[in-house]
Amino acid sequence: MLCQTSDELQHFVEEAKKHTKEGKVANYIPELGKANPDQLSIAIHYPDGRCISAGDIQTKMTLQSISKVISLAFVLMDRGFRYVFERVGMEPTGDPFNSIAKLETMAPAKPLNPMINAGALVVTHMIKGDTVQDRFNRLLRFIRGLADDPSIDYCERVARSEFETADLNRALCYFLKQHHIITEDVETLLDLYTKQCAIEMNCLDLARIGLIFAMDGKDPLTGKQIMPDDVARICKTFMVTCGMYNASGEFAIKIGIPAKSGVSGGIMGAVPGRFGIGIYGPALDDKGNSVAGIKLLELLSKNYQLSMF
Ligand code: GLN
């Protein structure tokens with residue numbers, strides 16, 4: 001059984017919204033601190049083109065860490081599996097997304113997976129192109145294609161705000177550069193990475209992208225294979241094992257949906273073969289996941305038996 005109407009969804013949003021008070025908006029990127037913590041929205045996109053939604057659905061969010069799974073797909077297509085996985089691993093860390101700890105204790109100093117910041121920085125480093133502009137435009141074009149929305153762009157204010165304050169990510173980059181995992185200028189890489197993280201959309205677009213992952217890389221509405229099914233499969237697997245940071249295990253048990261979250265409060269879900277989900281709820285729990293967003297997914301998963309396990 002599936003959730004059929006926006007009214008049904010509205011009921012779950014109202015229930016989950018009570019939990020926004022338990023969280024706080026991220027403010028280590030100062031611009032993100034301006035978000036309204038009471039907001040919650042969701043869209044579900046089905047392969048037949050139906051889209052149901054509820055809450056503050058027009059509010060835009062920046063992708064932040066959700067962009068990591070998209071840049072991974074892009075780079076896997078650009079460079080091939082072998083090249084990518086020589087430089088970034090496949091294992092969850094159990095550490096916070098911005099942790100530097102395992103980089104120092106593991107040899108070689110290859111980031112454990114592409115969903116933590118260290119791994120995502122390596123993935124962004126691998127995006128081909130001559131200039132930041134060129135590399136960014138290629139990624140943006142890919143994202144516009146996934147969402148079937150040519151108006152998607154990035155938020156300059158959020159990108160700048162992160163660029164000016166990203167000292168921990170700078171530290172990760174310098175460490176990786178010292179170990180020859182990345183070779184480019186750190187400021188150049190951060191310029192590209194912070195723009196990537198600041199790509200902006202509403203939950204409707206996010207659900208549309210989730211749908212492509214859910215349908216093994218094929219857009220069921222246009223019939224276009226946007227990414228090879230193998231790439232979509234790898235991305236969904238990372239979403240299960242590392243998509244919700246160091247809460248991924250609990251999330252898999254309680255909800256059981258491949259999902260990727262970001263500190264803006266976004267969550268993209270891809271229910272295999274069934275539908276895509278986009279959520280925005282900027283109040284975060286202590287691991288950096290949308291507190292009401294997780295509640296909402298928990299309610300939906302229980303009610304409609306969405307767990308894939
Ligand atoms: N841009 C953010 C950062 O690198 C993304 C982190 C996240 O969403 N968890 O810190």
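Counting starts at 1 for both ligands and their atoms, in listed order.
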**Study point:** Per-atom contacts of ligand 1 with Gly262, taking only distances under 4.0 Å to non-hydrogen atoms
**Key:** 8 (O)
Review point. Is it true that atom NZ of Lys128 has more than 12 heavy atoms of other residues, nucleotides or ligands lying nearer than 6.0 Å?
Key: yes
**Study point:** ligand 1-proximal atoms of Val263, by part, heavy-atom distance under 4.0 Å
**Key:** both
Check your understanding: Is it the case that Arg160 places NZ or CZ above or below the six-membered ring of Phe163, under 6.0 angstrom from the centre and within 45 degrees of the axis?
Key -> no
Review point. Quick one: which ligand 1 atoms are inside 4.0 Å of a heavy atom on Glu162?
Key: 1 (N), 2 (C), 3 (C), 4 (O), 10 (O)
Check your understanding: Under 3.5 Å, N or O to N or O, is Ser261 touching ligand 1 that way?
Key -> no
Please output the side-chain donor-acceptor pairs of residues 290-301 that fall under 3.5 Å, not counting sequence neighbours, one pair per line with the distance.
residue	atom	partner	partner atom	Å
Ser290	OG	Gly281	O	2.7
Ser290	OG	Gly293	N	3.0
Ser301	OG	Ile255	O	2.8

Point to revise | Note, Met268 side chain near Ile279 side chain (heavy atom, < 4.5 Å) | key: no
Point to revise | Shortest protein heavy-atom distance from atom 4 (O) of ligand 1, along with the residue and atom involved | key: Tyr193 OH, 2.7 Å
Study note, to complete from the structure: So the atoms of ligand 1 within less than 4.0 Å of a heavy atom of Ser65 turn out to be 5 (C), 6 (C), 7 (C), 8 (O), 9 (N)
Check your understanding: Considering the options Asp78, Ile70, Leu76, which one meets the side chain to side chain contact (heavy atoms under 4.5 Å, CB included) requirement together with Phe74?
Key -> Asp78
Practice item. Mind jotting down which residue pairs meet the side chain to side chain donor-acceptor pair (under 3.5 Å) criterion with at least one end in residues 22-38? Sequence neighbours excluded, please. Key: His19-Glu22, Glu31-Lys34, Glu31-Arg157
Review point. Which of the numbered atoms in ligand 1 are below 4.0 angstrom from a heavy atom of Asn169?
Key: 3 (C), 4 (O), 10 (O)
Review point. Any idea which atoms of ligand 1 are less than 4.0 Å away from a heavy-atom of Cys197?
Key: 1 (N)
Practice item. Would you mind running through ligand 1 and noting each atom that sits below 4.0 Å from a heavy atom of Tyr245? Key: 7 (C), 8 (O), 9 (N)
Exercise for review: Please verify whether a non-hydrogen atom of Asn117 lies at under 4.0 Å from ligand 1.
Suggested key: yes
Exercise for review: Kindly say whether the aromatic ring centers of Phe136 and Tyr154 come within a distance under 6.0 Å.
Suggested key: yes
Point to revise | Cation-aromatic face contact Arg82/Phe85, 6.0 Å, 45 degrees | key: no
Review point. What about Tyr28: any of its N or O atoms under 3.5 Å from an N or O on ligand 1?
Key: yes
